[in-house]
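The structure displayed is predicted, hence computed values, not measured ones.
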Amino acid sequence: MQAQIMKANLHQDPFVAPKLISAFSICHQMPLAVKIFNQIQEPNVHLYNTLMRAFAHNSQYSAAFSTFFDLQENVLFPDNYTYPILLKACCSGGPSHLLLRQVQMIHTHIEKFGFYSDIFVPNSLIDTYSKCGKLGIVSAMKVFDSMPERDTVSWNSMITGFIKMGKLEDAHKLFDKMPYRDMVSWNSMLDGFVKAGDMNSAFQLFQTMPDRNIVSWSTMVWGYCKIGDMDMAKFLFEKMPVKNLVPWTIIISGYAEKGCAKEAFSLYDRMERAGLRPDDATLISILAACAESGLFSLGKKIHLKIKRSKFRHSIQVCNALIDMYAKCGDLSDASSVFEEMTERNVVTWNTLLQGLAMHGNCEKALSFFSRMTREGIEPDGVTFVSVLSSCSHAGLVDEGRHYFSLLKRDYGSALQVEHYGCMVDLLGRGGHLKEAFELIKTMPMEPNAIIWGTLLGACRMHSNVELAEEVVDRLVQLEPKDAGSLAIFSNIYAAAGDWDGVAKVRSKMRDVYKQPGASSIEIDDEVHEFRVSDTAHPESSRIYHMVDRLKQHLEQVGYVPRAHC
DNA sequence: ATAGGGTTAG
């Protein structure tokens, strides 16, 4: 109705069309936005920019680009707004491996048209370049250096770019050099320390800052949650003067990730009593934390809340639900969430597929994959990781080879290191060590530590000491600090009865601390965590008694344990 | 330009 009234004014008032286009863009109604645009006989640069921004907002980056070319064909010149919008469009929805090249192309355009002098343009170039990985940050720095004048935004963009890349020292250098620091500069630096896990430096900076806002406080709370110091996180959370959904989300997810159901739930109630309604990010964060720690009870309660809210229609929220159920081992509820969804994306399919694969339902996973292709869903790299690892767990070597060649033939652009990892695992487990080794040699990318580690695991399984030695050499080059691979290696020597070899490896391992793995289970709202040789649990002796009984039973039915040291 | 967000092999 309102739209009709506005349409009537379309040609009288030049501000109606941009408003309509933006409105349709927010509601993801791009065809309608395009229709409005086409009704204007002589669109000006402003209107082109509006349409481009609308496409960018809807992740239609190629449409944004062709709008840009249309603009030039109509003998119009891009203005200072055009390029930042175009740069933003590249980041939203464009393929990430082409991002750098796109940005370079736009950069060339900018230099040709000479809009470089407006500080807004190079600032967004810096920002976009720093999203393009290592090469991008170099170009960003070049732009930064070539600027005749810089404002605080230029400095801040450069600093956040370095922090995103994990280059804390470079960021710090710029931070020290900049003539004026605002809230964003301080907060970015704080974020840098937090991301590096250095909470001591972060706290120091937090205290030195001339001023602190809600972002600074939230960053601190988040940092302490990440290192598991919930006391400190809670202390700062209670102390912060103003709270919004973000810190609430952080603290609730923090407790959920630690497995503290009671604390997480009482905080959730407090948040609602404070009059804050969770948004999709809150729900997704909490569900992800539940999935991580296996906090089924809280996840289920969140599901009940979602069922009664508008978020039951959100694809992302439902994906998080499926993942939570799958990771907690409840595949039937995971499937029902999937079936009840009216709209799905690849991630939805991948999440359930991965859940099926993870719990060893290989046949179900493979038939789910064929249902996926039947329903015309384009599988991506993640899909194939699940498919291949399913084959690997079920020992289906031929099927694995088949899917791998399918991947290479039809979805070559999705081929990743991970797939080689799956194939090496599959072939290695099946005893085809040589074939696995040859496959690694043909890889189009550099094999990483995971690849070699997988092959090493297979060498242990089949007691192949010679190949293992060769593999360990490469592994130590790639990850000299990794004790896990050395542990496997010493097991190989142990299995072969080579105790000198074991001693040699053990001495290498001495100064490398291995973070022990842990498993956890939730019973009656409480999470129980277990590590190797752990006697911390109050019912420890009964648990070990049960484990012994299971071992006996396994040995009765023919299980032979592998060598352990 | 700064805080929370879905799927990835051993």
Side-chain angles (χ1 to χ4, degrees), chain A residues 123-124 126-127 130 151-161 163 182-192 194-195 213-223 225-226 240 243-254 278-289 291 314-324 326-327 345-355 357-358 380-386 388-390 392-393 414 416-426 428-429 448-458 460-461 475 482 484-485 488 517:
Chain A
N123 278 355
S124 50
I126 293 176
D127 182 46
S130 23
D151 63 3
T152 316
V153 178
S154 332
W155 288 89
N156 287 344
S157 302
M158 209 53 236
I159 290 175
T160 49
I163 288 173
D182 65 1
M183 210 61 227
V184 177
S185 332
W186 287 96
N187 286 341
S188 304
M189 220 40 237
L190 198 63
D191 184 49
V194 165
K195 280 209 169 77
N213 65 6
I214 190 166
V215 176
S216 338
W217 286 91
S218 307
T219 306
M220 288 305 286
V221 174
W222 188 68
C225 286
K226 280 295 150 214
M240 63 191 291
K243 299 181 185 75
N244 63 14
L245 265 182
V246 177
W248 280 102
T249 305
I250 293 171
I251 195 82
I252 297 171
S253 311
D279 64 3
D280 47 350
T282 307
L283 297 168
I284 291 167
S285 293
I286 300 176
L287 286 171
S314 153
I315 297 186
Q316 289 201 357
V317 170
C318 290
N319 290 349
L321 262 175
I322 295 174
D323 191 48
M324 184 277 296
K327 294 240 164 76
N345 61 17
V346 206
V347 179
T348 317
W349 288 84
N350 285 347
T351 308
L352 188 56
L353 178 67
Q354 200 247 331
M358 197 205 275
D380 66 3
V382 179
T383 316
F384 277 97
V385 170
S386 297
L388 293 174
S389 64
S390 258
S392 181
H393 292 314
Q416 296 167 315
V417 205
E418 284 84 351
H419 303 117
Y420 282 92
C422 293
M423 283 311 285
V424 171
D425 186 54
L426 173 76
R429 275 174 203 272
N448 58 19
I450 295 169
I451 299 282
W452 293 117
T454 308
L455 186 59
L456 184 62
R460 172 182 71 167
M461 198 178 290
L475 209 43
D482 182 38
S485 57
I488 296 176

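Taking atom CG of L321(A) as the reference point, atom C1' of dT7(B) lies 15 Å away to the nearest angstrom. Put simply, CG on N156(A) is 15 Å from C1' on dA3(B), counting in whole angstrom units. Atoms CG (N244(A)) and P (dG5(B)) sit 14 Å apart, rounded to a whole Å. When rounded to the nearest whole Å, the span between CH2 of W222(A) and P of dT2(B) equals 14 Å. If you take CG of L388(A) and P of dG10(B), they are 12 Å apart, rounded to a whole angstrom. One interatomic measurement links the two molecules: CE of M358(A) to P of dG10(B), which rounds to 10 Å at whole-angstrom precision. One atom, CD1 of I315(A), and another, C1' of dG6(B), lie 11 Å apart when rounded to the nearest Å. Going from atom CG of L190(A) over to atom C1' of dA3(B) covers 10 Å, rounded to whole Å.
A side-chain contact (heavy atoms from CB on, under 4.5 Å) with T351(A) is found for one member of N345(A), V382(A), D323(A) and no other, namely D323(A). With respect to N350(A), the side-chain contact (heavy atoms from CB on, under 4.5 Å) criterion is satisfied by exactly one of V385(A), N319(A), T383(A): T383(A).
The ring-ring contact (aromatic ring centres under 6.0 Å, His included) check on W186(A) picks up F175(A), with sequence neighbours excluded. In this structure N156(A) satisfies the side chain to side chain contact (heavy atoms under 4.5 Å, CB included) test together with T152(A), M178(A), D182(A), V184(A), S185(A), sequence neighbours excluded.
Residue contacts for Q316(A): at a heavy-atom cut-off of 4.0 Å it reaches a base atom on one of the strands shown. Residue D380(A) is out of contact with every strand shown, counting any heavy-atom pair closer than 4.0 Å. At a threshold of 4.0 angstrom between heavy atoms, the contacts of N123(A) with the nucleic acid are absent. No engagement by S216(A) is indicated, since no non-hydrogen atom pair under 4.0 Å with the nucleic acid exists. Counting non-hydrogen atoms under 4.0 angstrom, A288(A) reaches the backbone sugars and phosphates but no base. If you check every strand for non-hydrogen atoms under 4.0 Å, S285(A) touches sugar and phosphate atoms only.
Distances were taken from every side-chain heavy atom of V347(A) (C-beta onward) to each of dG6(B), dA3(B), dA9(B); the shortest belongs to dG6(B). For K327(A), counting side-chain heavy atoms from C-beta on, the closest listed nucleotide (dA3(B), dT7(B), dA1(B)) is dT7(B). Which of dG6(B), dT2(B), dG5(B) sits closest to the side chain of D280(A) comes down to dG5(B). With distances taken from any side-chain atom of D127(A) to the nucleotides dA9(B), dG10(B), dA1(B), the minimum falls on dA1(B). Candidate nucleotides dG10(B), dA9(B), dG6(B) were compared by shortest atom distance to the side chain of T454(A), and dG10(B) ranks first. Closest to the T219(A) side chain, of the nucleotides dA3(B), dT8(B), dA1(B), is dA3(B). Distance from the side chain of E418(A) is smallest for dT8(B) among the nucleotides dT8(B), dA3(B), dT7(B). For N350(A), the listed nucleotide lying nearest its side chain is dT7(B); candidates were dA3(B), dA9(B), dT7(B). Proximity note for V382(A) (side chain, C-beta onward) versus dT8(B), dG6(B), dA9(B): the nearest is dT8(B).
Using a 4.0 Å cut-off, no side-chain N or O of Q416(A) falls inside it from OP1 or OP2 of dT8(B).
Looking at T282(A), its side chain comes within 3.5 Å of the base of dG4(B) through a donor and an acceptor atom. Taking 3.5 Å as the limit, the base of dA3(B) and the side chain of S218(A) contain a donor-acceptor pair of atoms between them. Side chain D279(A) to base dG4(B): a donor-acceptor pair is found below 3.5 Å.
Considering only heavy atoms from C-beta on, V221(A) stays 4.5 Å or farther from P247(A) through its side chain. By the 4.5 Å heavy-atom criterion applied to side chains, I451(A) and Y420(A) are counted as neighbours.
N123(A) approaches S157(A) most closely through the heavy-atom pair O-OG, 4.2 Å.
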